[in-house]
Every structure is written in C-alpha cells, then in structure tokens.
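All remarks here apply to the structure that follows.
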Amino acid sequence: GEEQVLTVPKTPQEVRNISRSFNQLLDRQRLSLKREQQFVTDASHELRTPLAAIRGHVNLIKRRGEKHPEVIPTSLAYIDKESKRMELLVEQLLTLGRLETLAEAEAFDLSLLIQQTLDELSVMMNQELNVQIKAGIMIKGQKEHFYQITRNLVENAMKYTETSGTITVSLDSNEHQLVFSVEDSGVGIPDEDKAKVFERFYRVDQSRSSEIAGTGIGLAIVKGLVEHYHGTITITDAQPKGTCFTVSFSKKIENEDFFI
Ligand code: ADP
C-alpha cells in the first residue's frame, strides 16, 4: 500500500485524525471477526443438516430394521446421499481455507492455463464446447486462484446445462482490461437470485438444485478470488436462454507487461 510517514501529532486536528483512523481500523477488525464468526456458524449449520439426517436413519435402522427390513434400503440410500454431500462440503471448505494461504505471485500465461483447465474438464462434458481464447495473455498472480475461477465457472455451466446445450468460454483483452467469460445455454438464473448466488451456501430454488450435487460455495470462492485481484464479476442472461458469467480485470498502469 501507500507509504506512511510517522510524525508526532502537533495540532488538535492531527490528534483527532489519528484517533479517527485508529477507530476505523478497529471497526474493520471487528467487521472481519464478525464475518469469520458468521462463516463458522454457516458452515456448522450446513454440516449439521446432513449429519442429523444420517443419525436419524441410523436410529431408524436400529429401532425398526429387524422387524421391518424394508426400511433398510431407503435409509441406506439417504445415508449414502447425505454422507456424499458432507464429503463435498468438507472438500470445498478445505479449498476455501487453502486459498487464503499466501503463495508467491508469478507471471504466467492465462490463455494456456484456461485451455489446460478446459482440456481437463472436457472429458466429463456432455455439452458442445466453444472456445474463443486469445493466445498469449500474460498475467501476474497465483495460478491456483485462476484455475479455481475457471474450474468453478465451467463446472457450473456443465451442471446447469442440459446434454444438448452449448458452453462458450472466451478470453479477450485490450489495452485497458482483460475479459474472461463463461456462457451456457442452460436453466438460467432468475433476476432476483443473480446477486444472491455469490453468497456462501446459497442455491437457487433448493428443490431444483437438490437434483444436482452442490453446496453453494463455488461462486463465493470465485467472487472472493476475483475481488482479491481487484476484478469484477457480473451475471447476464444468455440468449435465447442460459447464463453468462463475465469476469474483468483492469490493466495496472505501473506494470505495462502484465494485467492485474
Ligand atoms: P453449487 O453449484 O455448488 O450449488 P455455486 O456457489 O457454484 O454452488 O452456485 C450457487 C447457485 O447458483 C447454484 O446452486 C445454482 O442454483 C446457481 N448457478 C450457478 N451457476 C449457474 C449456471 N451456470 N446456470 C444456472 N444456475 C447457476
């Protein structure tokens, strides 16, 4: 950040300024502590729900399994489903934690990283994939972060788009900014949910989403990472249907060679 020069405050105004900065600092710390506490509360709640279901079905089998063996397959199916959900949650929470560790930023070819991520995902993709990537876009940052952004957005496009649909991934740049977008022809996101999908654990229309495995953490990770690099992420409707996620980063003036 900015360089700070320490001087002894002389006037009452200077003392007031210092005391104000100090209070602002305290407020910021309280806010981040509150957010961390909220996160722990939310995460515990999310883990407790499948755990309660598992325990409920274990008890059911214990109490009634012998006399009514027909309850066993249904209960086992629930236990199977809920434990898989917990596994996914724990895995994503660990990813979230790992991303906050500080690694060195390095210069790398973003075009190549996105192409490699697509090669990895295309094996599991049932949709038609369109790729429009401008070659040789260099940026400075942590590779893992940009891998996570790409992977989460493309995996969502795969999850929320029917088999016959299309996914278009593009990367472009001009002298001011670079723009990365993932567009699909899938189910779409209603306007009232567009802002909320970035919140941790939020999923659109639980009943619809529950058919598809997910935790509601992916987009919170993406948004956190994009903002870490001072970028923006927006959602627009694709035509005639579907969703388009657009991520933009502006070029840093003092470093002409790299974006971000
Ligand atoms: P998850 O997919 O694990 O539920 P995300 O945080 O990645 O969690 O997404 C949050 C919600 O946003 C999803 O549950 C889904 O309802 C909606 N969503 C995300 N991406 C798309 C998309 N490409 N098309 C339609 N809905 C989407």
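Note that ligands are numbered from 1 as they come in the structure, with each ligand's atoms numbered from 1 the same way.
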Nearest heavy atoms of F108 and L113, plus distance in Å
CE1-CD2, 4.0 Å
Smallest heavy-atom separation, K241 atom then G186 atom, equals NZ-O, 3.2 Å
Hey, looking at atom 10 (C) of ligand 1, which of Y160, Y202, F201 has the closest heavy atom?
Y202
Could you tell me, atom by atom, which parts of ligand 1 come under 4.0 Å of a heavy atom of [X]?
X	result
I189	18 (N), 21 (C), 25 (C), 26 (N), 27 (C)
T215	1 (P), 3 (O), 4 (O)
G218	5 (P), 6 (O), 7 (O)
I217	6 (O), 8 (O)
K159	1 (P), 2 (O), 3 (O)

Ligand 1 versus [X], non-hydrogen atoms closer than 4.0 Å: side chain, backbone, both, neither?
X	answer
T243	side chain
D184	side chain
V187	side chain

Under 6.0 Å from the [atom1] atom of [X], do we count more than 12 heavy atoms belonging to anything else shown?
X	atom1	result
E66	CD	no
K143	NZ	no
E91	CD	no

Pairs of nitrogen or oxygen atoms closer than 3.5 Å, one from L219 and one from ligand 1: do any exist?
yes
Check whether any N or O atom of G214, backbone or side chain, sits under 3.5 Å from an N or O atom of ligand 1, and answer yes or no.
no
Does E82 use its side chain to pair, donor to acceptor, with the backbone of Y78 at less than 3.5 Å?
no
Output yes when E144 and R151 qualify as a salt bridge under the 4.0 Å nitrogen-oxygen rule, no when they do not.
no
Does Y229 have its ring centroid less than 6.0 Å away from the ring centroid of F146?
yes
Contact check, G216 vs ligand 1, heavy-atom distance below 4.0 Å:
yes
